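Residue indices begin at 1 and follow the sequence shown. Computed from a prediction, not measured in an experiment: that's the story for all the values here.
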Amino acid sequence: GICFSVGSGLFISILSSHYELLFGPSSRHWSGWVLMVMGVSASVSSFGWSALSRKYNFFTLALVSQLCAFPLFALMARPSTPFAGFLLAIPLSIVTPAAIHPVGVMLARNAAGSTQAMRTSLMIGGTYGMSSVAIIVAGLLPRYNISSAYIILFIAACSLTAVILAVWQLLVLRKKGGRTGKA
């Protein structure tokens with residue numbers, strides 16, 4: 001969940017300045033289009049991911065979505081043109097951490113330990129809190145000549161981390177012979 005929220009929060013918060021640094025001030029409208037497409041499409045996609053979570057293991061869905069998101073985020077670090085970034089945003093919005101976030105909430109609801117309400121609130125509030133901290137840190141990085149492209153590559157690494165965690169959990173479930181993680 002932290003990987004999902006940090007990835008989405010950072011991307012949304014730095015995209016406009018990233019485009020401006022890469023392509024100049026005239027590219028701001030393209031970053032707005034990217035954010036609009038990603039917001040609308042991720043919201044719609046979340047319904048699809050939620051529907052899939054009734055049939056498939058949550059860890060499998062996280063694995064598939066973030067395995068697809070990883071290279072797309074990496075490409076967004078250095079799109080060749082603002083329009084190329086807009087085109088990349090279309091498939092990225094379907095698998096972006098914001099689209100898959102409902103699956104993370106379902107994972108928290110079905111996890112062991114504490115109460116379901118506590119797990120769900122930690123998943124939602126705790127992950128967005130971590131995202132806020134990451135955004136603050138990312139805002140300080142340009143002072144140290146750390147490019148926004150590196151921040152987007154960090155977001156890709158968050159997706160890759162989610163993939164690794166999902167594989168690990170799937171292996172644990174397989175070893176136990178269980179199907180936990182599914183509604």
Nearest-0.5 Å distance that lies between atom [atom1] in [X] and atom [atom2] in [Y]:
X      : Y      : atom1 : atom2 : result
Leu10  : Ser132 : CG    : OG    : 10.0 Å
Ile136 : Leu140 : CD1   : CG    : 8.0 Å
Thr60  : Leu52  : OG1   : CG    : 11.0 Å
Leu173 : Phe58  : CG    : CZ    : 11.5 Å
Trp30  : Phe23  : CH2   : CZ    : 11.0 Å
Ser41  : Ile94  : OG    : CD1   : 5.0 Å

Listed by chain and number, what are the side-chain contact (heavy atoms from CB on, under 4.5 Å) partners of [X], not counting sequence neighbours?
X     : value
Phe47 : none
Leu75 : Leu88
Thr81 : Phe83, Ala84
Ile14 : Ser17, Ser148, Ile151, Ile152

Original post:
Quick one: does Ser31's side chain get under 4.5 Å of Met36's, heavy atoms only?
Top reply: no

Shortest non-hydrogen contact from [X] toward [Y]:
X     : Y      : result
Met76 : Leu92  : CG-CD2, 3.9 Å
Pro82 : Tyr19  : O-OH, 3.1 Å
Ala77 : Leu22  : O-CD1, 3.9 Å
Arg78 : Ser147 : NH2-OG, 4.2 Å
Ser16 : Leu35  : OG-CD1, 4.1 Å

Could you pull out all residues at least two apart from [X] that satisfy side chain to side chain donor-acceptor pair (under 3.5 Å)?
X      : answer
Ser46  : none
Ser65  : none
Ser45  : none
Ser131 : none

Is [X] linked to [Y] within one hydrophobic cluster, defined over Ile, Leu, Val, Met, Phe, Trp and Tyr using a side-chain heavy-atom separation of less than 4.5 Å?
X      : Y      : result
Leu15  : Phe86  : yes
Leu21  : Ile146 : no
Leu171 : Leu67  : yes
Leu72  : Val44  : no
Leu141 : Ile12  : yes

Compile the donor-acceptor pairs under 3.5 Å between side chains in residues 153-166 and protein atoms, sequence neighbours left out, one pair per line.
{"residue": "Ser159", "atom": "OG", "partner": "Gln66", "partner atom": "OE1", "Å": "2.9"}
{"residue": "Thr161", "atom": "OG1", "partner": "Ala157", "partner atom": "O", "Å": "2.8"}

Subject >> ring-ring contact (aromatic ring centres under 6.0 Å, His included) partners for Tyr150, two or more places apart >> reply: none

**OP:** Would you list the pairs meeting salt bridge (charged side-chain N to carboxylate O under 4.0 Å, His left out) in which at least one residue belongs to residues 6-22, sequence neighbours left out?
**Re:** Glu20-Arg28

Subject >> Pairs involving residues 63-82, ordered by first then second residue, that meet ring pair (Phe, Tyr, Trp, His ring centres under 6.0 Å) (sequence neighbours left out) >> reply: Phe11-Phe73

